[in-house]
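Before any comments, here is the structure.
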Amino acid sequence: MGFYDAIRIGASGAAEDFTVDRSLRFNRDDNAYLTRTPSSAGNRKTWTYSAWVKLGQTGINSSTDPGNGIFLSCGAGSNAANMALRITNNGYIGIDYYGVGGYYSTGRLRDPSAWYHCVWVMDTTESTAANRMKVYVNGTLFYNNSMSLSQNADTPINNNSATTIGVYPYNTSHAYRLDGYLAEVNFIDGYAYDPSYFAETDAVTGQWNPKTYTGSYGTNGFYLKFADNSGTTATTLGKDSSGNGNNWTP
């Protein structure tokens with residue numbers, strides 16, 4: 001893992017530019033990932049994950065090496081319920097749910113030079129099945145699917161099980177490791193928020209830009225901005241800046 005300057009752009013209508021000073025590089029050959037096991041389960045029905053993503057390797061055409069890997073995953077053991085948001089070998093957004101199935105977008109992320117804002121929203125309390133799981137890219141709905149989730153179903157994410165960013169909790173093989181960069185990682189426990197809480201469109205350029213999230217994080221929520229490069233520990237590299245102290249171990 002390494003630190004790199006990430007995104008330096010202005011937020012529309014803001015008095016001052018919102019600057020993202022750092023990203024975290026995940027080099028898949030280094031088996032680099034972050035891990036945390038919450039002491040107790042949070043709201044497993046309703047949550048939001050937001051992150052800025054820049055891809056590394058793309059276009060890997062091999063069934064044994066399925067791509068850029070995991071953005072967020074939770075589960076324990078190869079036979080336990082596990083759920084993950086990931087990018088596939090050819091740029092598709094995939095939702096893996098062990099024992100239920102894999103669900104993939106029809107749109108693709110194709111540009112390895114671009115920063116993409118990905119927001120994964122879960123709210124199984126929704127009465128309309130298609131609204132229970134949504135993925136947005138750069139402010140636009142990219143993918144939605146009920147994932148065979150019944151209304152008010154608990155998901156594996158936000159349980160008190162091993163949770164990882166960069167790889168599956170139960171399988172750290174090369175095939176599933178993230179290759180790329182992450183910045184401005186927010187997880188909101190108990191709230192289903194659309195992308196406008198984390199970013200906005202510049203009124204002049206039309207560019208989709210990050211902005212400061214100002215809401216509540218809930219019990220298991222966290223904010224990783226990778227600002228402390230004084231060490232590679234849970235209280236430096238993996239420090240949670242939400243105020244909850246939900247730090248992540250590199």
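Note that the structure is a prediction, hence the values are computed from the model and not measured.
Between His117 and Trp52, the angle of the ring planes stays under 30°, which puts this pair in the parallel group of the 30/60° scheme. Taking the six-membered ring where tryptophan is involved, the planes of Phe198 and Tyr213 are essentially parallel, since the angle between them stays under 30° and well short of 60°.
Between the side chains of Thr214 and Thr212, no donor-acceptor pair of N or O atoms lies under 3.5 Å. Side-chain atoms of Tyr104 and Asp96 form a donor-acceptor pair, as typed in the model, at a separation below 3.5 Å. A side-chain donor-acceptor contact under 3.5 Å links Asn158 and Asn220. In this model, a donor atom of one side chain and an acceptor atom of the other lie less than 3.5 Å apart for Arg177 and Asn31. Side-chain atoms of Asn138 and Thr140 form no donor-acceptor pair, as typed in the model, at a separation below 3.5 Å. Judged by distance alone, the side chains of Asp240 and Tyr217 never bring a donor and an acceptor atom under 3.5 Å apart. Ser73 and Asn82 share a side-chain donor-acceptor pair at under 3.5 Å.
Side chain of Lys54 to backbone of Ala183: no donor-acceptor contact under 3.5 angstrom is found. With Arg28 contributing its side chain and Leu178 its backbone, the two residues share no donor-acceptor pair below 3.5 Å. Side chain of Asn144 to backbone of Arg132: no donor-acceptor contact under 3.5 angstrom is found. A donor-acceptor pair under 3.5 Å is absent between the side-chain atoms of Thr19 and the main chain of Asp21, judged by distance alone.
The shortest heavy-atom contact between Ser148 and Tyr103 is OG-OH, 3.4 Å.
With ring centers used as reference points, Phe222 lies under 6.0 Å from Phe187.
Interatomic distance, Asn159 CG to Thr37 OG1, rounded to the nearest 0.5 Å: 10.5 Å.
Listed by first and then second residue, the side-chain hydrogen bond (donor to acceptor under 3.5 Å, both in side chains) pairs involving residues 121-131 are Thr46-Asp123, Asp123-Thr125 (not counting sequence neighbours).
Judged by the 6.0 Å and 45° rule, Arg108 forms a cation-pi pair with Tyr92.
For Lys45, the salt bridge (charged side-chain N to carboxylate O under 4.0 Å, His left out) criterion is met by Asp154, not counting sequence neighbours.
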